[in-house]
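Just below is one structure, and these are the notes that go with it.
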Amino acid sequence: MAFREFIARHRIASAVAGPAVLGVAAVVAASWALTSTPQTRDTQLTTSVTECHDMVTISVAGRGDTPVAGTTKLLVGANGEELPAALSGDHSSEWVDPVVNAPAGAVDPGSYAAVYIAYPANMASYEDAVNTGVANTEQVMQEITRACPDTKFSIVGYSEGADVVRRVAMQIGHQEADKDGGYGIVDPGDVVGVVILADAGRSAGDGPFPGAKDPFGNPDGFDQQYQNGTKPAPGSGAVPGTRGDFGALNGKIASFCSEGDLTCAAPENISLLQLVANVGRQLNVDALEREGLTPATGQDVAVVLGQIALAAFADIQSQPNWMQSDETFLQVLLKVSDPAYKPGAPKAPAKADSISTNQMSPLAYLPQKVLNEIIGLIVTNQNTIPVVMSDPYQLTLGPNHTGHHFDYWRDANAADGKPLTSAEYAAAWLTHLAKQAQAGQPVDTTAKPQAADLDAVYKAVAVTSAAPTTEPTKTPSTSTSTSTSPSASATTTPTSPAKTDVSSTTTTPAPTTSAPPSETASTTTPPAPTSVAAPVETTKPTTTPTETTKPTTTTESAVVTTTTSAPPAAGTGG
């Protein structure tokens, strides 16, 4: 299938459930609450890592949007063991599919594959979920490398999955080779591209392509410009403990951030909100959403707050001259509330022949300390009230996908020098990398995309922006369309794909910022997301209009499995 046909026929559908809330003003961290229901496929065949490809995209979707063991056919290892991943097609993400499946139509069958990582993807414990996602991603990459040492990797993450991918990419990029030249995870040279959509670890001032020769224009080796200008998204990521460069992967990173998406563009000087966000990363937010503040959930909150307070006092106690320092108690709370905080050994005061004035009168510094606390509270919260007044939840995760967390599928603006959406640009870049991998070429930092590829991308945007749209209905219905679904596009090829007439379109794509990513031009009537402005429990449909039965004639199959079970109950969050 031609790339332009793929984009035209696989537009983002609205078959996702309503978003969940991190709680109170902690929307700074709530943006990881992605809104898709885990999807299952009724296939009877599972792919093995021993079926090698020139390039494999490791895909990490967001909350409630990942494969689930027992309901999804999972990838198997070289010895037939089940791995925490599923082939794209056995699992489908309405958001990530258009990016990771795009290269399949541009290279030979079998040259390319995309797999989704299975991980908790919930908010029962955010840090535990992300750390599990990191471990599972690295395990799957290691298994593929052992079976297929020539395979190249790209890695794509969105929302909560973006945090997973950032941490994985940083660890891969900063590995030290052993004495035999081997690496603990995979060789950084085998990772040809990383896409992070809504990067929670983004540093203030970062452009979309950190470490690249043109950090605002394009990653190294792909000369198609993403945008004109050098203006970064304001603010920084909501998880400051994961900031940093990517080592050997610098220049191979595409980190997209939409202005107003508080996941990656949280304003500076919102220390109280950051403190609430750090607390939320250690709470069972799913239980708080589901049950509200009950004796059980209230006890969990009290335990976390107590642990942070004790850690703060212990940190202060380890500094014998803390009263004389400029550090405020709020700064201590921010430091120790980060889940990555590791307490250091207590610092013993230096011995002296006589008692110093400082040791005799620490309270002499109390007035200055109190003044510093007051000034620090004001200065470090200059933007807290404006953020709260702007209704941060609606700003980031508005109903019907109106929030900026969904901009990556509608942020093109040709008139302002941005011809493609972030998702379309990522798809074009991965397609370019897949072609290089099929040809056995290393990433060429001087390579330019072929004119035909760019022409196809521009035409795809024109067709997408000109296509009629339909309003989503309130109830799910079964599709009567005969077109191939996004979930099957990576493994099946339609015998007679519909041809897109682009003769009447212009070569300059129209802006698509006004069209939400959930709109579709197909005859499918997707289930509408629940519009909510506050935490509610929603009932998720067990099937989606994009579900299809994977043909048994697929050549991607290797191991027969017979286990089937019902999808998870509504509200489990994946």
What's the separation between atom [atom1] in [X] and atom [atom2] in [Y], rounded to the nearest 0.5 Å?
X      : Y      : atom1 : atom2 : value
Thr132 : Gln139 : OG1   : CD    : 11.5 Å
Ile117 : Thr66  : CD1   : OG1   : 10.0 Å
Ile144 : Phe153 : CD1   : CZ    : 4.5 Å
Arg166 : Ser255 : CZ    : OG    : 6.0 Å
Leu75  : Ser48  : CG    : OG    : 7.0 Å
Asp190 : Ser154 : CG    : OG    : 12.5 Å

Can Asp163 and Val239 be said to form a side chain to side chain contact (heavy atoms under 4.5 Å, CB included), step by step? CA-CA 9 Å; Asp163 196 357; Val239 188; 4.2 Å; yes
If every non-hydrogen atom of [X] is compared with every non-hydrogen atom of [Y], which pair is closest and at what distance?
X      : Y      : value
Pro103 : Val99  : CD-O, 3.8 Å
Ala434 : Tyr112 : CB-CD1, 4.1 Å
Pro188 : Ala248 : CB-CB, 3.8 Å
Ser88  : Asn101 : OG-OD1, 2.8 Å
Pro419 : Gln224 : CG-NE2, 4.4 Å
Cys257 : Arg202 : CB-CD, 3.8 Å

Stepwise side chain to side chain contact (heavy atoms under 4.5 Å, CB included) test for Val195 and Leu197: CA-CA 6 Å; Val195 175; Leu197 297 157; 4.1 Å; yes
Side-chain donor-acceptor contact under 3.5 Å, [X] with [Y]:
X      : Y      : value
Ser59  : Thr57  : no
Gln171 : Glu138 : yes
Asp97  : Ser92  : yes
Asp261 : Thr263 : yes

Would Val164 and Thr137 count as a side chain to side chain contact (heavy atoms under 4.5 Å, CB included) here? Give the steps. CA-CA 8 Å; Val164 173; Thr137 300; 3.9 Å; yes
Does [X] use its side chain to pair, donor to acceptor, with the backbone of [Y] at less than 3.5 Å?
X      : Y      : answer
Tyr119 : Ala85  : no
Thr421 : Glu424 : yes
Asp187 : Gly189 : yes
Glu143 : Val49  : no
Gln142 : Val186 : no
Asp199 : Cys264 : no
His91  : Gly89  : no
Thr72  : Ala69  : no

Quick one, [X] and [Y] - any side-chain contact, counting heavy atoms below 4.5 Å?
X      : Y      : answer
Tyr116 : Val60  : no
Leu74  : Pro67  : yes
Lys252 : Phe246 : no
Val156 : Val165 : no
Trp95  : Asp65  : yes
Val56  : Met141 : no
Leu249 : Ile172 : yes
Ser111 : Met55  : no

Starting from the C-alpha separation in whole Å, work towards a yes-or-no answer on ring-ring contact (aromatic ring centres under 6.0 Å, His included) for Tyr158 and His405. CA-CA 10 Å; Tyr158 171 51; His405 198 56; 5.3 Å; yes
Would you please classify the geometry between the Phe256 ring and the Tyr425 ring as parallel, tilted or perpendicular, with 30° and 60° separating the classes?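 Perpendicular.
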Quick check on side chain to side chain donor-acceptor pair (under 3.5 Å): which of Asp407, Asp411, Thr396 does Ser258 satisfy it with? Asp407
Pair His432 + Phe222: ring centers closer than 6.0 Å: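 Ring-ring flag for His432/Phe222: true, centres closer than 6.0 Å.
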Ring centre gap for Trp429 and Tyr226 strictly below 6.0 Å: no
With a 4.0 Å cut-off on N to O distance, would you call Lys152 and Asp54 a salt bridge?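 The answer is no: the pair does not qualify as a salt bridge.
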Is Glu160 salt-bridged to Arg281, going by a charged N under 4.0 Å from an acidic O?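 Looking at Glu160 and Arg281, the cut-off is not met.
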